[in-house]
Colleague: 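One structure coming up, written as structure tokens, with questions to follow.
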Amino acid sequence: MALLPILYYPDSRLHTVAKPVRQVDARIRQLIVDMLETMYEASGIGLAATQVDVHERVIVIDESEERNKPLVLINPELTWSSPDLQVSDEGCLSVPGIYDEVERAAAVKVSALDAEGHSRVIEAEGILAVCIQHEMDHLLGKVFVEYLSPLKRNRIKTKMLKTRRDTERA
């Protein structure tokens, strides 16, 4: 197991579109283990491979209080989203300390492979639906701040760049 470095906005690699996983093998299973460890260590509830500079369609999620119910989605495809929308306060491990409201479908259905390569369908609503949509956006090269106004996005970008400069100087 290894902690993976998380990319921070506005790193251009976060805008890379992930490629499908060709085979669920030992390398992918190790990536999943490492991603889960990284997500838990960072106190997140979701992480896309794009965020750790691996541009393949892999997502890990665990919204449980006990942090013991990981959900793995490999090559996820959104097959249905509800017409009902919900606004949720979102944050992101790639944009630490920033939270803002984003409107998304209230419920979704996703088909994906699990960590063993078995096909499954997940129906989600509430926070899980939000998290799935948020992480799937990462696989498409999109960060949640792109849903915000240009003014807010630029302020966040400036703040993130300043934080990075300050950290590098320290």
Side-chain angles (χ1 to χ4, degrees), residues 1-9 11 13-86 88-96 99 102-147:
M1 296 196 319
L3 288 177
L4 302 170
I6 296 172
L7 300 177
Y8 295 112
Y9 181 80
D11 192 308
R13 293 172 289 179
L14 288 169
H15 299 294
T16 305
V17 175
K19 293 180 176 18
V21 171
R22 293 185 188 272
Q23 182 179 358
V24 180
D25 55 15
R27 180 184 68 83
I28 293 297
R29 284 190 283 280
Q30 185 60 53
L31 173 64
I32 291 164
V33 168
D34 293 345
M35 285 175 63
L36 283 166
E37 182 180 358
T38 302
M39 178 187 73
Y40 291 137
E41 180 68 24
S43 299
I45 63 169
L47 186 68
T50 301
Q51 294 175 270
V52 293
D53 204 19
V54 176
H55 304 287
E56 294 181 85
R57 295 182 58 77
V58 178
I59 292 170
V60 296
I61 295 171
D62 190 343
E63 61 166 337
S64 70
E65 289 290 323
E66 302 80 22
R67 314 296 281 152
N68 64 352
K69 294 182 181 150
L71 173 64
V72 174
L73 302 174
I74 300 170
N75 297 335
E77 296 296 331
L78 189 65
T79 59
W80 176 83
S81 58
S82 74
D84 298 330
L85 302 176
Q86 67 181 12
S88 300
D89 209 26
E90 289 189 30
C92 181
L93 294 178
S94 291
V95 194
Y99 298 88
V102 176
E103 185 176 65
R104 297 191 185 271
V108 295
K109 188 184 288 189
V110 176
S111 64
L113 300 176
D114 65 15
E116 300 305 315
H118 300 119
S119 185
R120 61 186 302 188
V121 174
I122 287 85
E123 295 183 28
E125 57 186 23
I127 188 73
L128 181 57
V130 169
C131 192
I132 288 171
Q133 292 170 84
H134 176 109
E135 300 308 332
M136 286 183 71
D137 275 352
H138 278 299
L139 300 180
L140 298 172
K142 188 170 186 175
V143 181
F144 90 98
V145 298
E146 293 172 46
Y147 288 97

Colleague: Below 4.5 Å, heavy atoms only, C-beta onward: do His138 and Phe144 meet side chain to side chain?
Modeller: no

Colleague: Find out whether Met136 and Leu78 are in side-chain contact, i.e. whether some heavy atom of one side chain is under 4.5 Å from a heavy atom of the other.
Modeller: yes

Colleague: Among Glu125, Glu90, Glu135, whose salt bridge (Lys or Arg N to Asp or Glu O under 4.0 Å) with Arg104 holds?
Modeller: Glu90

Colleague: For the pair Gln133 (side chain) and Ala129 (backbone), establish whether a donor and an acceptor sit closer than 3.5 Å, ignoring hydrogens and angles.
Modeller: yes

Colleague: Which atom names give the shortest non-hydrogen contact between Leu93 and Ala42, and what distance separates them?
Modeller: CD2-O, 3.6 Å

Colleague: With a 4.0 Å cut-off on N to O distance, would you call Lys109 and Glu77 a salt bridge?
Modeller: no

Colleague: Looking only at atom types and distance, does a side-chain atom of Asp137 sit under 3.5 Å from a main-chain N or O of Leu140, one as donor and one as acceptor?
Modeller: no

Colleague: Is there a donor in the side chain of Gln51 and an acceptor in the side chain of Ser94, or the other way round, less than 3.5 Å apart?
Modeller: yes

Colleague: If I compare all heavy atoms of His15 with all of Gly141, which pair ends up nearest, and what's the gap?
Modeller: ND1-O, 3.0 Å

Colleague: Going by an N to O cut-off under 4.0 Å, is there a salt bridge joining Asp62 and Lys69?
Modeller: no

Colleague: Quick check against the 3.5 Å criterion: does Asn75 have a side-chain atom that pairs as donor or acceptor with the backbone of Val21?
Modeller: yes

Colleague: Please walk me through it: do Val72 and Leu113 pass side chain to side chain contact (heavy atoms under 4.5 Å, CB included)?
Modeller: CA-CA 8 Å; Val72 174; Leu113 300 176; over 6 Å; no

Colleague: Looking at every heavy atom in both Ser82 and Ala106, which two are closest together, and how far apart are they?
Modeller: OG-N, 3.2 Å

Colleague: Dump the intermediate steps for side chain to side chain contact (heavy atoms under 4.5 Å, CB included) on Leu7 and Val52, then the final yes or no.
Modeller: CA-CA 6 Å; Leu7 300 177; Val52 293; over 6 Å; no

Colleague: Measure the OG1-CG distance between Thr50 and Asp11 for me, rounded to the nearest 0.5 Å.
Modeller: 11.5 Å

Colleague: Might you confirm whether atom CD of Glu41 has over 12 heavy atoms from other residues, nucleotides or ligands at distances under 6.0 Å?
Modeller: no

Colleague: Will you find, in the side chains of Asp34 and Gln30, an N or O donor that is under 3.5 Å from an N or O acceptor?
Modeller: yes

Colleague: Do you know the tightest heavy-atom contact between Ala2 and Thr38?
Modeller: O-OG1, 3.9 Å

Colleague: Any heavy-atom pair between the side chains of Arg67 and Ile45 that's under 4.5 Å?
Modeller: yes

Colleague: Which heavy-atom pair separates Ala48 from Leu139 by the least distance, and what is that distance?
Modeller: CB-CD2, 4.1 Å

Colleague: Between Arg22 and Glu56, is there a salt bridge with N-O shorter than 4.0 Å?
Modeller: no

Colleague: Output, in order, the C-alpha distance, side-chain angles, deciding distance and verdict of salt bridge (Lys or Arg N to Asp or Glu O under 4.0 Å) for Arg120 and Asp114.
Modeller: CA-CA 7 Å; Arg120 61 186 302 188; Asp114 65 15; 5.2 Å; no

Colleague: Looking at side-chain heavy atoms only, is the closest gap between Gln86 and Val130 below 4.5 Å?
Modeller: yes

Colleague: Evaluate the side-chain proximity of Leu73 to Val60: yes if any heavy-atom separation is below 4.5 Å, no if none is.
Modeller: no

Colleague: Measuring from Ser64:OG to Leu71:CG, what's the distance to the nearest 0.5 Å?
Modeller: 11.0 Å

Colleague: Starting from the C-alpha separation in whole Å, work towards a yes-or-no answer on side chain to side chain contact (heavy atoms under 4.5 Å, CB included) for Arg29 and Val24.
Modeller: CA-CA 7 Å; Arg29 284 190 283 280; Val24 180; 3.8 Å; yes

Colleague: Counting C-beta onward and ignoring hydrogens, is there a side-chain heavy-atom pair between Ile59 and Pro76 closer than 4.5 Å?
Modeller: yes

Colleague: Among Leu4, Ile61, Leu47, exactly one meets side chain to side chain contact (heavy atoms under 4.5 Å, CB included) together with Met39. Which residue is that?
Modeller: Leu47

Colleague: Is Leu14 close to Tyr9 at the side-chain level, that is, under 4.5 Å between some pair of heavy atoms?
Modeller: yes

Colleague: Search all heavy atoms of Pro96 against all heavy atoms of Tyr8 and return the closest pair with its distance.
Modeller: CD-CD2, 3.6 Å

Colleague: To the nearest 0.5 Å, what is the distance between CG on Leu128 and CD1 on Ile122?
Modeller: 8.5 Å

Colleague: Would you say Val110 and Thr79 make side-chain contact, with heavy atoms under 4.5 Å?
Modeller: no

